[in-house]
Amino acid sequence: MRRGKVRDVYDLGDTLLIVATDRISAFDCVMPNGIPDKGKVLTALSLFWFEKLRQLDVPIHLIESDPARFPRQLQPYAEQLAGRSMLVRKASVVPIECGARGYLAGSGWKEYQESRTVCGIPLPAGLRQCEKLPEPIFTPATKEQSGHDININFDKAAQLVGTDLTNRLRDLTLRIYRWAADYAAACGVIIADTKFEFGTLEDGAVLLIDEVLTPDSSRFWPADRYEVGHDQPSFDKQFVRNWLDAQPWDKTPPAPALPDDVVQGTRRRYLEGYQLLTGRKLAS
């Protein structure tokens, strides 16, 4: 049905099959080589959070993740699907991404330097790069088919999806982020920011969909190495971005192949973040 930068989505009629590949993208380009086990890390971590979020009564789209219990037509592919796929409910995707930021980094830091705002939200003067914000903020963005998603303010989001729904999404986004950030802090991980995707059912119910709180959708920083005022070491794909920034590449396709040390270094960071948050090693 759709091939994203990382995920392949298959329409099974009443349900969808989402397969997380080992592809990795940066600067809106898919790299020619992937990161071994990356799709399994994204899937395993999403499943971990989906289970944890049950205590918040957050409705989720997940139906099943064990290929042995997938529909019969998928059984010939069970080995390929193991550890990197989810059977999910169909929902109408809300056409905005719902960001939550607890720290001043990335595009938020860039906007703050220009206007002392993030997604139009005024912030105190004198904040430094990667500094913790006084309170987490809701930072929606458009969902672009190509190119970067564009940060927007609350009013623009309300124009796109309605004020009532935007209020619900803001409250749900910040509730999940605050809870997850507190959980992660106890594991020695700072969730600096993240983004969620939501869908709606015919009765108006809102579901949390796609991936959740992964290294692809979040900034994960080691708490014991956190210092305000500069970029942070991370358990996400910033390692790839940093290598690409140092190359003579104009950020348009085709992207350069990642050398083995960058591939293995990225894999190691994804696995380390997963292990710290879950207390488990990734199943082989």
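One is the number of the first residue; the rest follow in order along the sequence. The basis for the numbers below is simple: all heavy atoms, side chains too, and nothing from hydrogens, waters or symmetry mates.
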Problem set entry | Counterpart residues, side-chain hydrogen bond (donor to acceptor under 3.5 Å, both in side chains), relative to Ser115 (two or more places apart) | Thr117
For this session: Indicate whether any N or O donor in one side chain lies under 3.5 Å from an N or O acceptor in the other, for Asn151 and Ser107.
Result: yes
Exercise. Could you go step by step and tell me if Leu16 and Leu12 meet the side chain to side chain contact (heavy atoms under 4.5 Å, CB included) rule?
Worked result: CA-CA 5 Å; Leu16 298 175; Leu12 304 181; over 6 Å; no
For this session: Give a yes or no on this: more than 12 heavy atoms of other residues, nucleotides or ligands lie within 6.0 Å of atom CZ of Arg175.
Result: yes
Exercise. Run the side chain to side chain contact (heavy atoms under 4.5 Å, CB included) check on Glu64 and Asp66 step by step: do they pass?
Worked result: CA-CA 6 Å; Glu64 182 57 70; Asp66 182 355; 3.3 Å; yes
Problem set entry | Note, Leu165 side chain near Val206 side chain (heavy atom, < 4.5 Å) | yes
For this session: May I ask whether Val212 and Leu169 are part of the same hydrophobic cluster, defined by side-chain heavy atoms of I, L, V, M, F, W, Y residues being less than 4.5 angstrom apart, directly or through others?
Result: yes
Seminar exercise, completed: Across all chains, not counting sequence neighbours, the salt bridge (charged side-chain N to carboxylate O under 4.0 Å, His left out) partners of Asp22 are Arg84
Problem set entry | Whether over 12 other heavy atoms sit under 6.0 Å from Glu202 CD | no
Exercise. Should we say atom CD of Gln73 is surrounded by more than 12 heavy atoms from elsewhere, each under 6.0 Å from it?
Worked result: yes
Exercise. Of all heavy-atom pairs between Leu174 and Ala100, which one has the smallest distance, and what is that distance?
Worked result: CD2-CB, 4.2 Å
Problem set entry | Salt-bridge contact Lys90-Asp11 (side-chain N to carboxylate O under 4.0 Å) | yes
For this session: Could you tell me whether Trp221 and Phe235 have their ring centroids closer than 6.0 angstrom?
Result: no
Exercise. Are any non-hydrogen side-chain atoms of Leu81 and Leu17 less than 4.5 angstrom apart?
Worked result: yes
For this session: To the nearest 0.5 Å, tell me how far Cys119 SG sits from Ile152 CD1.
Result: 8.0 Å
For this session: Just jot down the side-chain hydrogen bond (donor to acceptor under 3.5 Å, both in side chains) partners of Tyr270, sequence neighbours excluded, or say none.
Result: Asp216
Exercise. Can a salt bridge be assigned to the pair Arg267 and Asp37 using a cut-off of 4.0 Å between side-chain N and carboxylate O?
Worked result: yes
Problem set entry | Enclosure of Arg241 CZ (heavy-atom neighbours >12, cutoff 6.0 Å) | yes
Problem set entry | Sidechain N-carboxylate O distance under 4.0 Å for Arg116, Glu111 | no
Exercise. Rounded to the nearest 0.5 Å, how far apart are CG of Asp149 and CD1 of Ile96?
Worked result: 11.5 Å
For this session: Would you kindly say whether Gln238 and Asn242 are connected by a side-chain donor-acceptor distance under 3.5 Å?
Result: yes
For this session: Answer yes or no: are there more than 12 heavy-atom neighbours, outside Lys251 itself, under 6.0 Å from its atom NZ?
Result: yes
Exercise. Looking at CD1 of Ile150 and CD of Glu97, how far apart are the two atoms once the value is rounded to the nearest 0.5 Å?
Worked result: 12.0 Å
Exercise. What pairs meet the ring pair (Phe, Tyr, Trp, His ring centres under 6.0 Å) rule with one or both residues in residues 67-91, with sequence neighbours excluded?
Worked result: none
Problem set entry | Residues, nucleotides or ligands: over 12 heavy atoms within 6.0 Å of Lys156 NZ | no
Problem set entry | Pro256 side chain reached by Trp249 side chain, heavy atoms, under 4.5 Å | yes
Exercise. Given side chains that start at C-beta, do those of Phe138 and Arg101 come closer than 4.5 Å, heavy atoms only?
Worked result: no
For this session: Name all residues meeting the side-chain hydrogen bond (donor to acceptor under 3.5 Å, both in side chains) criterion together with Arg72; count only those two or more places apart in sequence or in a different chain, and write none if there are none.
Result: none
For this session: Count the heavy atoms belonging to other residues, nucleotides or ligands that lie under 6.0 Å from CG of Asp224, then report whether that count exceeds 12.
Result: yes
For this session: Check Leu207 against Ile60 and note the closest heavy-atom contact, atom names and distance.
Result: CD2-O, 3.8 Å
For this session: Carefully, step by step, assess Arg89 and Leu62 under the rule side chain to side chain contact (heavy atoms under 4.5 Å, CB included).
Result: CA-CA 7 Å; Arg89 300 176 69 179; Leu62 177 67; over 6 Å; no
For this session: Decide yes or no for Leu213 and Leu45: does some side-chain heavy atom of the first lie under 4.5 Å from some side-chain heavy atom of the second?
Result: no
Problem set entry | Aromatic plane relationship, Phe48 with Tyr183 - under 30° parallel, 30 to 60° tilted, over 60° perpendicular | tilted
For this session: Would you indicate whether the side-chain heavy atoms of Val19 and Val9 approach each other to under 4.5 Å?
Result: no
Exercise. Who passes ring-ring contact (aromatic ring centres under 6.0 Å, His included) against Phe239, sequence neighbours left out?
Worked result: none
Exercise. So among Lys195, Arg7, Lys38, which one has a salt bridge (charged side-chain N to carboxylate O under 4.0 Å, His left out) with Glu211?
Worked result: Arg7
Exercise. Side chain to side chain contact (heavy atoms under 4.5 Å, CB included) between Val228 and Tyr103: does it pass, once the steps are laid out?
Worked result: CA-CA 10 Å; Val228 176; Tyr103 291 76; over 6 Å; no
